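In what follows, a structure is listed as structure tokens, so that the remarks can point back to it.
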Amino acid sequence: MNNVTFRTHSFTSFAAALFLAAPLAAQQPAQPPAPLPSHPVQTAPADPAIAAALQQVSADRIKATITKLVSFNNRSTLSSMDKDLPPGTGINAAADWIFSEFQSYSDACGGCLEVKRDDFAEPGRPNSRIVKDTRLQNIYAVLKGTDPSQAARRVLITGHYDSRNSSNEDTHAAAPGANDDASGTAVSIECARVLSKLKFPSTIIFVAVAGEEQGLNGSRHLAKLAKSEGWDLEAVLNNDIVGGDTTPGVTGADKSAVRVFSEGVPGPATLEQLRQIQTIGAENDAPARELARAIVDVDATYFLPTDHHAAAIPGRAHSMAIRHDEAFHPVMIFRRDRFGRGGDHTSFSTEGFAAVRFTEWLENFNHQHQNLRMENGIQYGDLIQYDDFDYMANVARLNAAALATFASAPGIPQKVAVLNPPYDTNTVLRWEKPAGMPASATFEVVYRDTIQPDWTTVIPVGNVTNISIPISKDNVIFGVRSVDAAGHRSMAVYPIPPPSNRPPVPGTEPPPPPRP
């Protein structure tokens with residue numbers, strides 16, 4: 001391992017904690033002075049500043065962004081090397097425009113954004129989608145945190161701005177990519193526009209990557225850069241195909257829902273690491289899965305059901321007032337990505353970061369990776385006429401709310417461990433405070449039945465960093481999260497046994513202790 005420092009929520013530390021953590025000196029921490037009551041998980045209060053920012057998300061601005069991206073005709077990554085493109089077309093022109101758009105937001109906020117190019121040459125490889133050396137540019141803008149003790153913590157949003165048609169090698173014929181993935185790029189850009197007007201204790205990064213259609217090349221390079229530079233990257237939100245396809249006559253789409261894909265078992269992992277994950281029942285609690293649960297939690301705060309619109313709740317955003325249907329919501333999909341497919345969040349997962357993918361509820365493959373044509377009365381091609389800009393505005397609001405919440409929260413608890421041995425029916429947890437945690441922030445232990453997808457019960461524990469709970473760890477799944485005085489919650493962390501309490505290889509367990 002190099003000198004990069006990883007947080008306990010990343011895969012590297014999640015898996016390594018099973019094997020590399022030093023033995024703990026004390027197996028039984030000090031107990032709280034009195035039992036702490038539990039209650040059902042409740043919706044966090046809305047932050048008025050975040051709620052106001054969500055109101056600034058504009059479907060018209062998103063439409064204008066996608067219209068501009070489509071105007072570059074063909075944003076194939078391979079077009080970066082072409083010399084015969086008409087002026088103002090191709091991926092290089094698109095990259096320059098995205099850079100200028102981020103820069104305009106920075107100018108509007110007095111230079112609050114540091115706009116950068118991750119500019120590199122991808123080596124050509126025979127029998128690959130990039131057969132000759134090709135220039136790639138990831139364009140990103142950094143909104144640095146204002147608290148020196150927390151600014152190192154980062155959250156990131158991305159979409160890919162490259163496009164393609166039926167042929168990977170075609171760099172000249174139209175490849176509008178209005179949904180795949182001008183939609184995700186527009187969400188990232190719109191989040192930068194509205195959130196750059198606010199200040200957060202930790203850092204937010206807004207990204208548009210290239211090379212996705214050739215094999216996640218741009219995101220892979222940026223993820224490796226983040227790892228090599230030791231980014232304290234807590235969350236990655238990848239938006240890919242979030243245009244809300246609106247093809248006449250097509251049924252099955254749900255415009256109130258967006259899928260959030262997350263992996264349950266982080267990878268790559270060794271067989272021994274997989275065995276330990278299986279032994280402690282952590283198959284459904286990888287950092288990405290906890291990130292997805294945190295996004296669901298954020299949604300409950302800022303997207304109100306229709307029957308609640310009439311009730312004015314102080315400090316609560318009425319972000320759904322513009323839509324008179326079921327409240328917009330994320331649906332957790334318990335897979336890394338769609339069946340047998342991948343996306344840019346995979347690059348970050350591979351490097352050990354918690355990453356999820358947002359995708360519309362029902363994709364239309366007539367409008368993905370297709371030459372523009374009409375056949376048998378069917379229009380093929382990824383055209384802007386099939387985008388739903390109100391839907392994308394809701395996706396942008398959800399992303400913005402999640403980014404702002406995570407950047408405001410105290411940080412993810414560190415070195416979360418379950419201390420008591422398997423034969424003890426209680427559960428003893430211990431953890432450490434995240435760097436820069438405000439004195440007014442506290443911790444919560446959350447848990448759920450093993451068959452439940454999301455947290456159902458919370459135990460507020462205050463400022464303590466250990467607790468004994470009279471509930472068997474066999475029967476529920478525990479997590480620990482931080483919360484500040486305003487109610488911003490971090491993602492939860494699944495507790496890992498230290499080496500001295502590590503479960504043995506199945507079949508080699510010692511007999512249970514004798515009864516008194």
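Owing to the predicted nature of the structure, the values given are computational and were not obtained by experimental measurement.
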Looking only at heavy atoms, which two atoms of [X] and [Y] are closest? And how far apart?
X    : Y    : value
H488 : P410 : O-CD, 3.6 Å
P176 : D382 : CG-O, 3.0 Å
P413 : V480 : CG-O, 3.6 Å
V356 : I295 : CG2-CD1, 3.8 Å
L362 : G252 : CD2-C, 3.7 Å
S219 : S347 : OG-OG, 2.8 Å

Q: Test side-chain hydrogen bond (donor to acceptor under 3.5 Å, both in side chains) on Q379 and N366 and set out the steps.
A: CA-CA 8 Å; Q379 175 66 62; N366 293 338; over 6 Å; no
Residue pair [X] / [Y], side-chain donor-acceptor N/O under 3.5 Å:
X    : Y    : result
S482 : S490 : yes
R289 : S262 : yes
T247 : N364 : yes
N138 : H221 : no
N179 : H367 : no

Roughly how far, to the nearest 0.5 Å, is [atom2] of [Y] from [atom1] of [X]?
X    : Y    : atom1 : atom2 : value
D344 : T158 : CG    : OG1   : 6.0 Å
S166 : R373 : OG    : CZ    : 5.0 Å
L85  : F72  : CG    : CZ    : 12.5 Å
T171 : N165 : OG1   : CG    : 9.5 Å
D96  : E101 : CG    : CD    : 13.0 Å
L143 : L198 : CG    : CG    : 8.5 Å

Q: Kindly indicate, with the supporting measurements, whether the criterion ring-ring contact (aromatic ring centres under 6.0 Å, His included) is fulfilled by F102 and Y140.
A: CA-CA 8 Å; F102 280 145; Y140 63 103; 8.9 Å; no
Ignoring hydrogens and geometry, is there a side-chain-to-backbone donor-acceptor pair from [X] to [Y] under 3.5 Å?
X    : Y    : answer
Y391 : A257 : yes
R129 : E213 : yes
R357 : H345 : no
T359 : I241 : no
D337 : G343 : yes
K255 : G244 : yes
D181 : H160 : yes
N74  : D170 : yes
S256 : A327 : no
T77  : G211 : yes

Between [X] and [Y] (salt bridge meaning N to carboxylate O under 4.0 Å), is one present in this structure?
X    : Y    : value
D285 : R293 : yes
R135 : D119 : yes
E351 : K227 : yes
R338 : E363 : yes

Q: I would like to know whether L222 and F348 meet side-chain contact (heavy atoms from CB on, under 4.5 Å); could you show each step before the answer?
A: CA-CA 8 Å; L222 186 62; F348 291 92; 4.1 Å; yes
Q: Verify the neighbour count for atom NZ of K63: are there more than 12 heavy atoms of other residues, nucleotides or ligands below 6.0 Å?
A: no
Q: Answer yes or no on whether R117 is positioned over the face of F99, meaning its NZ or CZ is under 6.0 Å from the six-membered ring centre and within 45° of the axis.
A: yes
Q: State, yes or no, whether a side-chain contact exists between S104 and R193 at a heavy-atom distance under 4.5 Å.
A: no
